[in-house]
Amino acid sequence: MNVPILRVPFGDESTQFIHQGIDQILASGHLSQGGQTVKWEKAFSTFTGAKHAIACANGTAALELILRGLGIEGRSVIVPTNTFLATALAVMHAGNRVVFADSEPATLALDIADIERKLTDDVAAVMLVHIGGIIPGYIDDLKKLCDDKGVYLIEDAAHAHGSTINGRQAGTLGVAGGFSFFPTKVLTTGEGGMVTTNDDALAARIKKIRNQGKDPELANHISEVGLNYRVSELTALVGVQQMMNAEAVIADRQRAAAHYDKALADMPGISLIPLPDGATSSYYKYIAYLDEDIDRASLKSVMREQYSVSLTGEVYADLCHNEPLWEKFSYCGKDRGNDPVACNRWPGCGCSQQQGGFPGAEYISKHHVCLPVYPGLTDEELNHVTESLREALASAKAGA
Ligand SMILES: Cc1ncc(COP(=O)(O)O)c(C=O)c1O
């Protein structure tokens, strides 16, 4: 039996809905930011409970729009080193400096003590990433810390469509949340993004910036330095379809995760990660820790070659602060030129210093593993994954 790394689920009904919708869009001649975009936004706002949902080109654009909408420019923003680099790139695209912080192995989220250490006067925002769909239990303490310091809490919710904590959805826990609809994500439109916020003024400003700065109140004159981060109606149509199936997709991922929770509870060589009290995950990833004497690369290769099970990509094996771009660029995204240490934007801001010292994130990056999780995995496939894993871990332990 072959268990692939991913299946992107578009069944007959969904495909038919999309085909019919394409015909209608083409007949309407309205191909960008029209009725489908409004429908997708309304459905996402209902789904998350956020007052506003604003569709945009992709998840990176969503994060940049939030920062620009809040007027954060020329400041420092704390982001985890354990994330996809897009979180940091959005900070730089909006004209800010990245300050990396450590993460806690228990939830893979930012380490709150390290945030506290790094909250200098220059910091305007903290970007919290719900890795794999896990919202950390300290979320209210972090919000309070940010409020006390006059710093915005922004959620990078690229992994967390439908994850909740104490009944509140990802994307509604700080000032705004940014979602990605990339093909690997819990909900996908191929490319696509969404901002959620309860702040009316921020939503209005983000809508303007998304559309080149056009101000409907000024008869469409331009009143902001905007961007073209609009979405095509064809993308939005797929978004509408995805929202129709969202609950079912998440329930199916949770079914797979429940299977893994049960099987891993007594499996030697691996430890599951319990969700924080009051949290649910939509399981963008199912993450577990391998014992320290188990080599992840060899385990993955045994799983693939001997059992035809593809374990998915990690979140993350390569930490952001180690990316080669920092050899050439400062933490505010400026070319270092020929001088390997000078920041050419704000000399003395710390961009020239090597950022390092992230023991929690290093542990996460080395020792976690992600099991296949996507809708439609059959019980037989799930059993095959867990039984193969039990055997592969036993032989790894025997050889260790
Ligand atoms: C944590 C995180 N943030 C941001 C992004 C960026 O999203 P997009 O690829 O839609 O721009 C991703 C996408 O993989 C992500 O995983």
Side-chain angles (χ1 to χ4, degrees), residues 5-6 8 37 40 44 53-68 77-94 96 98 100-103 107-110 125-136 153-163 170-171 173-174 176-196 206 209-210 227-232 235-236 238-239 242 253 281-287 312-321 323 325 333 361 364-365 368 370 373-374:
I5 208 160
L6 179 69
V8 183
T37 305
W40 183 24
F44 203 72
I54 304 146
C56 59
N58 53 62
T60 317
L63 299 176
E64 182 186 342
L65 281 169
I66 294 168
L67 291 161
R68 287 187 185 268
V77 177
I78 295 179
V79 307
T81 184
N82 185 49
T83 182
F84 181 50
L85 194 68
T87 317
L89 292 176
V91 168
M92 293 189 290
H93 292 323
N96 299 286
V98 174
F100 286 121
D102 202 8
S103 294
T107 61
L108 293 89
L110 275 169
V126 173
M127 194 90 93
L128 178 69
V129 186
H130 307 309
I131 296 289
I134 307 173
I135 300 173
L153 174 62
I154 298 170
E155 294 172 80
D156 178 341
H159 295 187
H161 318 62
S163 287
L173 307 169
F179 292 80
S180 165
F181 285 74
F182 188 70
T184 55
K185 299 298 190 271
V186 172
L187 303 173
T188 181
T189 55
E191 297 289 352
M194 192 71 79
V195 174
T196 47
I206 286 176
I209 299 172
R210 167 185 70 172
L227 297 152
N228 176 1
Y229 281 171
R230 297 182 300 253
V231 277
S232 138
T235 297
V238 182
Q242 290 285 287
R253 286 176 172 270
S281 174
S282 52
Y283 290 100
Y284 168 58
K285 296 278 178 175
Y286 185 92
I287 311 164
T312 77
E314 286 75 38
V315 279
Y316 287 87
D318 299 307
L319 298 175
C320 289
H321 74 281
E323 290 291 345
L325 93 158
I364 293 166
S365 77
H368 80 280
C370 298
V373 60
Y374 41 83

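Ligands are counted one by one from 1 in listed order, and the atoms in each one are counted from 1 as well. In what follows, every heavy atom counts, from backbone to side chain, and hydrogens, waters and symmetry copies are set aside.
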Heavy-atom nearest pair, Asn82 first then Ala361, reads CB-CB, 4.3 Å

Region of His159 that comes within reach of ligand 1 [heavy atoms, distance under 4.0 Å]:
side chain

Where is the nearest protein heavy atom to atom 15 (C) of ligand 1: which residue, which atom, and how far?
Ala158 CB, 3.6 Å

Would you say the side chain of Val195 lies within less than 4.5 Å of the side chain of Arg210, judging by non-hydrogen atoms?
no

Atom indices of ligand 1 within 4.0 angstrom of Thr87 heavy atoms, with elements
3 (N)

Residue Thr83 vicinity, atoms of ligand 1 by number, heavy atom under 4.0 Å
1 (C)

When only distance counts, is Gly59 in polar contact with ligand 1, meaning an N/O pair under 3.5 Å?
yes

Using a strict cut-off of 4.0 Å, indicate which atoms of ligand 1 neighbour a heavy atom of Ala86.
4 (C), 5 (C), 6 (C)

Is there a side-chain contact between Val315 and His368, using heavy atoms and a 4.5 Å cut-off?
yes

Considering only the protein, which heavy-atom contact is closest to atom 9 (O) of ligand 1, and what is its distance?
Ser180 OG, 4.1 Å

Enclosure of Asp318 CG (heavy-atom neighbours >12, cutoff 6.0 Å):
no

Are any of the side-chain heavy atoms of Met194 and Trp40 separated by less than 4.5 Å?
yes

Could you find the nearest protein heavy atom to atom 3 (N) of ligand 1 and give me its residue, atom name and distance?
Asp156 OD2, 2.7 Å

Report, in ascending order of atom number, the atoms of ligand 1 lying under 4.0 Å from any heavy atom of Val129.
1 (C)

Between Tyr316 and His159, what is the ring plane arrangement, given parallel below 30°, perpendicular above 60°, and tilted in between?
tilted

For Ile206 versus Ile66, what's the shortest heavy-atom pair and its separation?
CD1-CA, 3.9 Å

Atom 6 (C) of ligand 1: closest protein heavy atom, distance to 0.1 Å, is Thr60 OG1, 3.4 Å

With nothing but distance in play, are any N or O atoms of Tyr316 less than 3.5 Å from an N or O of ligand 1?
yes

Are Val129 and Leu110 packed together at the side-chain level, in the sense that at least one heavy-atom pair is separated by less than 4.5 angstrom?
no

Could you tell me if any non-hydrogen atom of Lys185 lies under 4.0 Å from any atom of ligand 1?
yes

Indicate, with yes or no, if the rings of Phe44 and Phe181 have centres closer together than 6.0 Å.
yes

Any idea which protein heavy atom is nearest atom 12 (C) of ligand 1, and the distance to it?
Phe84 CD2, 3.7 Å

